[in-house]
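Residue numbers begin at 1 in each chain, while the letters A, B, ... track the order of the sequences. Note that this is a predicted model, so its numbers are computed, not measured. Because only heavy atoms are used, hydrogens play no part in the values below, and waters and symmetry mates are left out as well, while side chains stay in.
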Amino acid sequence: MDLTFSDDLLAFRAEVRAWLESNQPTGRFQPYYTEEGLAQHLEWEARLFAAGYSAPGWPKEFGGLGLDHWHQLIYDEEYARLNLPERVNKMGLLHGGPTVMAHGTPAQQEAWLPGILDNSDIWCQGFSEPDAGSDLAGLRTTGRIEGDQLVLNGQKTWTSFGVIATKMFALVRTDRDAPKHRGISFVILDLDTEGVEVRPLRQLHGHAGFAEVFLTEAAVPLANVVGPLNEGWRIAQTSLKLERGMGRGTHTRMLHTVDEIARRVGADPDTGSLERLGSHRAWAFAYEQATYELTDIMSRGRDEGALPSILKLRLSEILTGIVEEERNILGARAEQIPTGPPEAPLPSTQREYWHARAGEIYAGTTEIQKNIISETALGLPREPRP
Amino acid sequence: MDLTFSDDLLAFRAEVRAWLESNQPTGRFQPYYTEEGLAQHLEWEARLFAAGYSAPGWPKEFGGLGLDHWHQLIYDEEYARLNLPERVNKMGLLHGGPTVMAHGTPAQQEAWLPGILDNSDIWCQGFSEPDAGSDLAGLRTTGRIEGDQLVLNGQKTWTSFGVIATKMFALVRTDRDAPKHRGISFVILDLDTEGVEVRPLRQLHGHAGFAEVFLTEAAVPLANVVGPLNEGWRIAQTSLKLERGMGRGTHTRMLHTVDEIARRVGADPDTGSLERLGSHRAWAFAYEQATYELTDIMSRGRDEGALPSILKLRLSEILTGIVEEERNILGARAEQIPTGPPEAPLPSTQREYWHARAGEIYAGTTEIQKNIISETALGLPREPRP
Amino acid sequence: MRYAFSPEQHAFGESAADLFAKRCAPGAQRLSWTDDSGRDPALWRGLADLGAPAILVPDEYDGIGGSECDLLPVLEEAGRQAVPDALLEAVFVGPFAIGACGSEDQRRRWLPAIASGESRVTVALSEGGLVPDAHVSDLIVLARDGELWVHEAGEVDLERVHVEDPSRRMFQVTPRTQGELLPASAELRDQVVARELVGSAVVLNGIANHLVSATVAYAKERQQFGRLIGSFQGVKHLLADAYSKVELATTAARAATWRVAAADPEYLASARLARICAVEAEFVANKVALQVHGGIGFTFEHDLQLWLKRGKALEQAHGGRYQVARAAGLDAVESAQRAAYNEEDD
Amino acid sequence: MRYAFSPEQHAFGESAADLFAKRCAPGAQRLSWTDDSGRDPALWRGLADLGAPAILVPDEYDGIGGSECDLLPVLEEAGRQAVPDALLEAVFVGPFAIGACGSEDQRRRWLPAIASGESRVTVALSEGGLVPDAHVSDLIVLARDGELWVHEAGEVDLERVHVEDPSRRMFQVTPRTQGELLPASAELRDQVVARELVGSAVVLNGIANHLVSATVAYAKERQQFGRLIGSFQGVKHLLADAYSKVELATTAARAATWRVAAADPEYLASARLARICAVEAEFVANKVALQVHGGIGFTFEHDLQLWLKRGKALEQAHGGRYQVARAAGLDAVESAQRAAYNEEDD
């Protein structure tokens, strides 16, 4: 055991912190799905890009900083520590881009990756469908080969960043006769293709950046398929694994929320509140340390086993516990918001509250994670198939 | 709505209370499975019998008090209020006897019921088997018809009162070719029958009144079968329903335990303990009221629906919460006992603790109750059969 | 004993349910969100025609002189249909407060109009707290310096405070005059508090009841992995747990309402206990409902949000989750001490 | 950074595991229940031969001068095998307390014998609390009037206090003499407390780890309804939940041990956090283990009871569940206030 950060990492932290602190935007941004908000986000993204800070995890050959897992963690911690704006091209940077790097042809890489870096293209993910949520492989959107084109029909939903995206990486069924997990292809499509309609999907807390995407005879070049045709499920594992893995700055934000509760409790401490606070603080600490442990494992190239699922499961439960406690402490004031719904999105307390509860559902529900953990880590038998 | 006890019930309560208070035994009894304890219990039982208080719920024609549901509830509340000794012939009084009354022949009733009343026979239940716990219908003990005899082979377990019982009502498989829930018969056997071996089954908290019962070519008269041959599953529902229903004095004992915690918290109240106490008190109140509601429903002959399962599920969770809280309040003292194990059974705090946890398992585990509730009350589909 | 509603009570609840279904269906409620008032005068008129605000007004002031139990089915149904109106204050706590705590003169002046529905009352029992539906109320009962005061609508300034649930209308009320003191004893004020606690529990139980039943319905039609999701134990057990808690909480609230109505010596403690169960049961139902609905439940278009947000608001309103639990803990301590004292006495 | 044990630490843990398997298998442990001492001198000799009590004794007193992290695999394993011995006190808290808090003279007198295993030490840090394994200890460290005192075995009266777990040996210790004061600062005493908290967390994690793995094994062989019970989501989800909590608690305890060993500024707060996670995780594992085993787990003959009872005892020992949570809550308040102060300072 050795739980100290190396001098190299400490120096890197200082460097990142210094740059972020002196370059951070002033004031809070509007949501990215408003015109003003998008402009603010893109300006900030441009500043990151200019400084080479746009894609810390990408290899240098693709324009990234080529950071290893530990340096990325430090970067993400510092970014989260200052509560800096969400990266609007997250789906391209963390999911689509790395998948193209791993499975795309050199021509595809050359065509698509630069646009992610400089935000000339904003990417979104087209995996979920109305009837394919937890059961992702139950997707029904079809891709029909016609000459050198793939003609798409179907509906995608829960497309984060969908309202501002220009490109989507999607899973479509290209062989209807194959078993459920086969016959799926991974394809990139321009959202201005004819036959593509993007409708904003507003959430109950007012967030309106997600979208539903309707595909009606939308023709994309067959050359846009990443990896072999009908091998899309395997290809998508790259992206899904990243999604189910850690959000590298999550523990920092979690600890920050606990601090906020601690400050409120501190104003009038009583044993009941202190006991609950102590417990929340304990699990936030455990989650932070488990994030480090996963980073340690990944940086050694060792098998992560079920640890990403364990982290996802515990993360959502710890976070919902914390945000519920925030409501308890605010009491009757917990429901108050500065401006009237339904026009405006909810302010941070309520937004984070619902977002934490969403965490038990997206990227594999709590129930799905428990299935994965019990079957892979514990080796318990699968449910009998009906 | 009308939630007052009638004058008649109030008068009955006063009468029962007066009798119990002036006739109650002094001092605590030894456990019934010790020689001294059994003598103490039987002497108390004889006093109850002499006063006609032995079987309040049995019809007068069978020697009971013929009390209706509400009067029984009052009786049980008063009995529990004074924390009087457990009835050692509970299995005969509440389960075996009523089943014989409902399904037995007049000859069977005449032969067996008086012995339950005056404790010349103590009854136990032979349902559970090592491989048939939650899956009770998976029982393997067989009954082979030979002439006018039923020859039993197999093993019963978790037989409460088994070490002092003289008779057992058991489920045995009399038709191996029938589907799982068919081909089972309900039979009464004398435990001194040749081929019956009773071994005490000690529990982790030292209680040694349960038994395993081994049956090896044990021959009982075919006339001891209650109800038609191979209809035992249906017959047993009478007994199971009683078991899954309420223990009529349970709410009284639960409220008593909450009072004990309240007394300890009162010595040094802090908000954390008060909050937890308040919550436990609330659910104990809800459980008490739901017990009354079930009594109300039963006394009107209306369908109880899933209410008995709801009460069983909530009872075990409320009780384990309360006994865990008792440990929290005792802190490091929670583990202390007056005499050394493993010879002596644990004293009341620890005994009640483990007994409460056992409540999540016996008479249908928490998981089984949730299945029952979700399928009967909520109409959710069954699991697909493998 | 009889836990079921009487035929009259049942019929009263059914009439209210019909009225709510007609006036407050989710679609209509959504239209009200962008409406300045957000309140439907026809709903109030309908309730007045049913006699709801008259139930707790004594006969001699043109009321019905009924029992709190009579209003129980209406409040449960208001929760079950997420009725966008501070009914709890307008038909339950408010009329009782003025009837029980007002002077003979005050009662004579205010109660007949309250009973007829001509005059609407609202209440805030936490000092300085927001007042629901103050903008459509003619009388506002406020707690100040440990006493209850009545203000008429013209004598206060209202500032709307936006809240998460767009159906709720909450106001900061600043009186311009001193108002009229309700000359009540502490005991009578406790009776008002008990009605707020138990009424709030009843509404929460209605909300929780809907959350569970709507989710059960969804689990019976949603397929994943080639099965109805309601056939997975992972889903069934969550729902059975929530359902069983809501059932017990509902029974507890009915029993506590009876005790409150009967001025049982334990009425205040019982009201607290009922509210604790209701909050905890709704909390679980709220969690399970959204979890089992999954993504669809998060959409602004799905009506589940009406109950999700109302439930979260009422968990914290009317006393605060942990504050009530602490008070109930103290009640238990005191009652245990009394019991010990009586035993020694024996 | 490296969370895994070093090869040496791993090997040390393996050796201890082998020793425990040889000396403390459940069958052997049961025999000790009726034994007056209940302790196996060969186990202690074996541990001494492995160097366990020497790890925290500095070189200059014939110790090994190792780190708390070196003992971590041994303590985890002691929990995993439910070792019937107060190892936590004898090899972890005790040697450290005397080394860190003793005077030079005291260290010279006591540490070499502790390191060799000739002299065994036990500790009770809660004033007036029971002392584990006092009957086989040569030195007893007690907290009194906020200070730490050492008593030699011959100078105290012991009264055995029976406890639920028949493998534990607890004593009320009444000193006949004043004993020797360990002249420690409050800071040093905190370091002793932190070791008790974190070491207790590590042992609990070992217990919880066994509870989960034994239950998983049972769920893979027990059939009901024609299926392995481990194939029911109702069982799988319980186990996944418990397992994931135990995993996080284990990581937290390792990290906190590191901080304690490194005298990190947050060492005491971290030790408390680790113990909170360990208690909560073991609590869930304990519940799930018995629930999934069902009746068989309740029998006196089944070995599950060793871990069930040990776990329940350690949930309450070494600080008390809620007491530690409160202290950790206060730590969080203070740390948040410091952070706010620093931000203003920037």
Asks: Is chain D contacted by the side chain of A:Leu3, its backbone, both, or neither, given a heavy-atom distance below 4.5 Å?
Replies: both
Asks: I need the minimum non-hydrogen distance between D:Ala255 and A:Phe285, along with the two atoms involved.
Replies: CB-CZ, 4.0 Å
Asks: Under 4.5 Å, heavy atom to heavy atom: which of residues 278-286 of chain D reach chain A? Give them by number, or say none.
Replies: D:Glu280, D:Ala281
Asks: Taking A:Glu293 first and then D:Arg2, would you say they form a salt bridge - that is, a charged N and a carboxylate O separated by under 4.0 Å?
Replies: no
Asks: Under a 4.5 Å heavy-atom cutoff, which of D:Asp70, D:Ile276, D:Leu248 has the most pairs with chain A?
Replies: D:Leu248
Asks: Name the region of D:Thr250, side chain, backbone, both or neither, that has any atom closer than 4.5 Å to a heavy atom of chain A.
Replies: neither
Asks: For the side chain of A:Asp296 and the backbone of D:Tyr3, is there at least one donor-acceptor N/O pair under 3.5 Å apart?
Replies: yes
Asks: Heavy atom to heavy atom, less than 4.5 Å: which residues from residues 194-223 of chain D reach chain A?
Replies: D:Val216, D:Ala219, D:Lys220
Asks: Sort by residue number and list every residue of residues 228-247 of chain D having at least one heavy atom under 4.5 Å from chain A.
Replies: D:Leu228, D:Gly230, D:Ser231, D:Phe232, D:Gln233, D:Lys236, D:His237, D:Leu239, D:Ala240, D:Asp241, D:Tyr243, D:Ser244, D:Lys245, D:Glu247
Asks: Pick one of side chain, backbone, both or neither for D:Arg321, based on which atoms fall under 4.5 Å of a heavy atom in chain A.
Replies: neither
Asks: At what distance, to the nearest 0.5 angstrom, does CZ of D:Arg326 lie from CG of A:Asp270?
Replies: 10.0 Å
Asks: Counting only non-hydrogen atoms closer than 4.5 Å, does A:Ile318 touch chain D with its backbone (N, CA, C, O), its side chain (CB onward), both, or neither?
Replies: side chain
Asks: Between CG of A:Asp2 and SG of D:Cys69, what distance do you get to the nearest 0.5 Å?
Replies: 9.0 Å
Asks: Could you list which of residues 273-283 of chain A have a heavy atom closer than 4.5 Å to any heavy atom of chain D, in residue-number order?
Replies: A:Leu274, A:Glu275, A:Leu277, A:Gly278, A:Ser279, A:Arg281, A:Ala282, A:Trp283
Asks: Which atoms of A:Arg264 are under 4.5 Å from chain D, going by heavy atoms: the side chain, the backbone, both sets, or neither?
Replies: neither
